Amino acid sequence: MPAIKFRGVDFIQYDSLLTDEERLVRDTTRQFIEENLIPIIEECNRAGRFPRELVKPMADLGFFGASLKGYGCAGMGNVEYGLMTQELERGDSGVRSFVSVQSGLVMYPIYEFGSDEQKQTWLPPMQKGEKLGCFGLTEPDFGSNPGGMRTRARKVGKEYVLNGEKMWITSGTIADVAVIWAKVESEDDKIRGFLVETDRPGFKADDIHGKWSLRASVTSGLSLQDVHIPESNLLPKTDGLKSPLMCLNQARYGIAWGALGAAMACYDCALQYSLLRKQWRDQPIASHQLVQDKLTWMISEITKAQLLVLQVGRLKDAGKVEHQHISMAKRNNVWMALECARLSRDILGANGVADDYPIMRHMMNLESVKTYEGTHDVHSLIIGQSVTGIDAF
Ligand SMILES: Cc1cc2nc3c(=O)[nH]c(=O)nc-3n(C[C@H](O)[C@H](O)[C@H](O)COP(=O)(O)OP(=O)(O)OC[C@H]3O[C@@H](n4cnc5c(N)ncnc54)[C@H](O)[C@@H]3O)c2cc1C
């Protein structure tokens with residue numbers, strides 16, 4: 001079977017809805033992924049290795065903090081940013097996760113809630129990929145309900161002392177700085193964000209091994225035991241649980257586009273395979289109605305998902321997006337991508353379970369994507385709350 005190369009997916013002249021600049025960002029990212037990630041990703045996935053060698057080239061293309069303005073950032077529009085994450089995740093969800101964390105979960109909170117000094121210190125080197133970050137919200141006992149967190153910050157003179165455990169933290173062991181969310185004892189346990197340099201005494205990060213998903217991404221547990229930080233490391237504009245939720249909104253938006261990329265990779269691979277693979281009367285399996293039905297389901301759902309994220313992106317550019325819009329895009333597109341991965345795997349038969357093809361890797365990755373940044377069901381509750389006005393958490 002000849003090698004299958006991604007060709008993009010456009011059923012309804014979707015490209016005509018994009019500007020020249022948006023198409024340029026997408027095509028540049030697609031070419032970068034094709035030339036630099038596709039040749040190594042299966043080896044990385046097998047070895048459980050994050051391709052750190054791509055950090056500098058990704059920084060040079062402006063991928064980090066891409067939608068922020070100033071500090072060397074690219075200042076992309078939200079649709080450009082979305083198309084970039086789509087192409088990154090067409091390569092691999094783990095690499096897209098790394099970029100989402102660096103941009104939406106570390107640079108964004110520094111940009112949004114940080115002091116001028118914090119912005120000057122961290123944003124330029126993070127944009128260049130010289131400093132890496134991680135985002136510590138989830139704890140061993142609190143995931144969907146982060147408000148239950150046990151991590152505490154105690155004010156002592158001109159310092160804060162942090163104690164707690166964080167779990168499932170992307171990039172934890174490769175980060176130079178961690179955005180740590182903690183309850184501040186002197187402020188009635190209000191949740192606030194802190195910048196914690198990872199070389200501070202009492203800070204420890206360990207990788208989580210044995211993941212069957214996002215194997216090309218680093219996932220870690222963090223331990224903070226009497227970690228002293230100067231009071232200037234508090235992100236001054238953080239104000240309760242809504243602050244980390246604002247960060248998650250940024251990252252979820254990128255995930256909604258990213259999952260679309262994974263779905264497109266699976267669909268296009270299955271389509272090409274079905275035209276090459278012959279089984280009965282020397283005819284390709286694509287000639288059977290049941291195979292065509294699966295391809296039809298996928299191209300229809302991908303097309304609907306493209307329109308959904310494009311509209312959410314346009315609303316975001318206009319400053320009119322609501323968090324429930326982003327929840328719908330994340331929930332729908334990740335579910336749709338997982339279904340596409342399963343159908344595509346099926347179309348490839350036994351070949352579908354081997355890493356000669358990208359489908360099983362995307363499927364396993366998408367299981368994490370379905371869970372993180374608000375599980376599928378938590379987003380059901382957010383949308384349900386929005387349409388009924390009733391909180392069902
Ligand atoms: C690979 C990976 C990387 C991650 N990276 C990060 C990171 O960088 N930073 C970070 O802070 N976190 C990160 N996470 C953690 C992730 O955000 C959490 O796993 C997620 O929020 C879910 O929490 P949980 O795993 O504790 O599941 P739980 O909250 O225990 O949920 C378990 C199940 O119960 C359901 N459930 C929970 N509450 C309700 C309810 N009210 N009604 C109905 N059903 C409910 C859920 O939908 C789910 O099906 C990562 C996770 C993974 C897998």
Side-chain angles (χ1 to χ4, degrees), residues 44-45 48 50 89 92-109 132-151 164-175 177-183 191 193-194 196 198 205-224 238 241 243-252 254-255 258-259 262 327 330-331 334-335 338 361-385 388 390-393:
C44 288
N45 195 60
F50 169 63
E89 194 149 354
D92 187 74
S93 307
V95 172
R96 197 273 307 137
S97 297
F98 168 80
V99 175
S100 289
V101 168
Q102 177 85 350
S103 303
L105 295 181
V106 183
M107 294 177 74
Y108 169 78
L132 305 182
C134 69
F135 177 87
L137 180 65
T138 304
E139 299 190 352
D141 292 332
F142 292 96
S144 298
N145 175 22
M149 72 172 63
R150 298 209 177 94
T151 301
E165 303 281 330
K166 298 290 178 182
M167 191 68 178
W168 297 108
I169 306 306
T170 302
S171 304
T173 54
I174 56 172
V177 64
V179 173
I180 296 292
W181 299 93
K183 288 181 174 167
I191 292 172
F194 297 86
V196 180
T198 55
D206 291 294
D207 281 343
I208 296 172
H209 295 290
K211 281 182 300 163
W212 288 111
S213 180
L214 293 189
R215 291 181 52 73
S217 158
V218 172
T219 316
S220 321
L222 310 180
S223 158
L224 296 100
T238 51
L241 190 57
S243 301
L245 295 184
M246 281 169 69
C247 303
L248 293 180
N249 239 6
Q250 295 298 315
R252 286 166 180 172
I255 291 171
S327 283
K330 192 269 182 185
R331 179 181 180 277
V334 177
W335 159 79
L338 249 180
R361 175 172 50 81
H362 280 301
M363 188 196 298
M364 295 197 298
N365 284 343
L366 287 163
E367 291 290 348
S368 285
V369 181
K370 185 183 179 205
T371 287
Y372 69 23
E373 304 275 349
T375 68
H376 182 84
D377 290 341
V378 161
H379 287 294
S380 299
L381 301 181
I382 293 172
I383 298 164
Q385 184 184 43
T388 65
I390 303 168
D391 185 340
F393 284 87

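Counting starts at 1 for both ligands and their atoms, following the listed order. Not measured: the values here are computed from a predicted model.
The nearest heavy-atom contact from the protein to atom 9 (N) of ligand 1 is Phe135 O, 2.9 Å. Of the protein's non-hydrogen atoms, Thr170 N, 2.9 Å is the one closest to atom 8 (O) of ligand 1. Looking only at protein heavy atoms, the nearest one to atom 28 (P) of ligand 1 is Ser144 OG, 3.7 Å. For atom 19 (O) of ligand 1, the closest non-hydrogen atom of the protein is Thr371 CG2, 3.7 Å. The protein non-hydrogen atom at the shortest distance from atom 23 (O) of ligand 1 is Gly143 CA, 3.2 Å. Nearest non-hydrogen protein atom to atom 14 (N) of ligand 1 is Trp168 O, 3.1 Å. Atom 53 (C) of ligand 1 has as its closest protein heavy atom Ser368 OG, 3.8 Å. Atom 44 (N) of ligand 1 has its closest protein heavy atom at Asp377 CB, 4.4 Å.
Ligand-side atoms of ligand 1 in range of Phe393: 41 (N), range being under 4.0 angstrom from any heavy atom. Interface of Glu373 with ligand 1, defined as ligand atoms under 4.0 Å from a residue heavy atom, comprises 17 (O). Ligand-side atoms of ligand 1 in range of Leu137: 11 (O), range being under 4.0 angstrom from any heavy atom. If you number the atoms of ligand 1 from 1 as listed, the ones under 4.0 Å from a heavy atom of Leu381 come out as 40 (C), 41 (N), 42 (N). Within ligand 1, the atoms closer than 4.0 Å to a non-hydrogen atom of Ile169 are 7 (C), 8 (O), 9 (N), 10 (C), 11 (O), numbered from 1 in the order shown.
Shown here are the side chain to side chain donor-acceptor pair (under 3.5 Å) partners of Arg361, two or more places apart in sequence or in another chain: Glu42, Asp92. Evaluation of the side chain to side chain donor-acceptor pair (under 3.5 Å) rule for Thr198 yields no partner, not counting sequence neighbours.
By the definition of a contact as any protein heavy atom under 4.0 Å away, atom 3 (C) of ligand 1 is in contact. For atom 35 (C) of ligand 1, no protein heavy-atom neighbour is found at a distance under 4.0 Å. For atom 51 (C) of ligand 1, the nearest protein heavy atom lies under 4.0 Å away. Under the 4.0 angstrom criterion, atom 39 (C) of ligand 1 counts as lacking any protein heavy-atom contact.
Nearest heavy-atom pair, Asn45 versus Arg215, reported as atom, atom and distance to 0.1 Å: O-NE, 2.7 Å. Among all heavy-atom pairs drawn from Leu137 and Ile169, the shortest one is N-CD1, 4.1 Å. Of all non-hydrogen atoms in Gly104 and Pro109, the two that sit nearest each other are O-CD, 3.7 Å. Pairing each heavy atom of Lys330 with each of Gly374, the nearest pair is NZ-O, 2.8 Å.
An N or O contact shorter than 3.5 Å is missing between Tyr372 and ligand 1 by distance. Among the atoms of Ala392, none of the N or O lies under 3.5 angstrom from an N or O of ligand 1.
In this structure, of Val106, Thr375, Leu248, Thr138, the residue bringing a heavy atom nearest to atom 22 (C) of ligand 1 is Thr375.
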Intermediate values then yes/no, side chain to side chain donor-acceptor pair (under 3.5 Å), Gln102 and Ser171: CA-CA 9 Å; Gln102 177 85 350; Ser171 304; over 6 Å; no
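Residues Val369 and Arg96 have side chains in contact (heavy-atom distance under 4.5 Å, counting atoms from C-beta outward). Proximity of Leu241 to Pro146: side-chain heavy atoms (C-beta onward) are separated by under 4.5 Å at one or more points.
Residue contacts with ligand 1 for Leu105 are absent, since no atom lies close enough (heavy atoms, distance under 4.0 Å). At a heavy-atom distance under 4.0 Å, only side-chain atoms of Leu214, from C-beta outward, approach ligand 1.
Without hydrogens or angle criteria, Thr173 side chain to Asp207 main chain gives no donor-acceptor distance under 3.5 Å. Side-chain N or O atoms of Lys183 include one that pairs as donor or acceptor with a backbone N or O of Met149 at under 3.5 Å. The backbone N or O of Arg150 lies less than 3.5 Å from a partner atom in the side chain of Glu139, making a donor-acceptor pair.
Between Tyr372 and Thr170, the side chains place no donor N or O within less than 3.5 Å of an acceptor N or O (distance only, hydrogens not considered).
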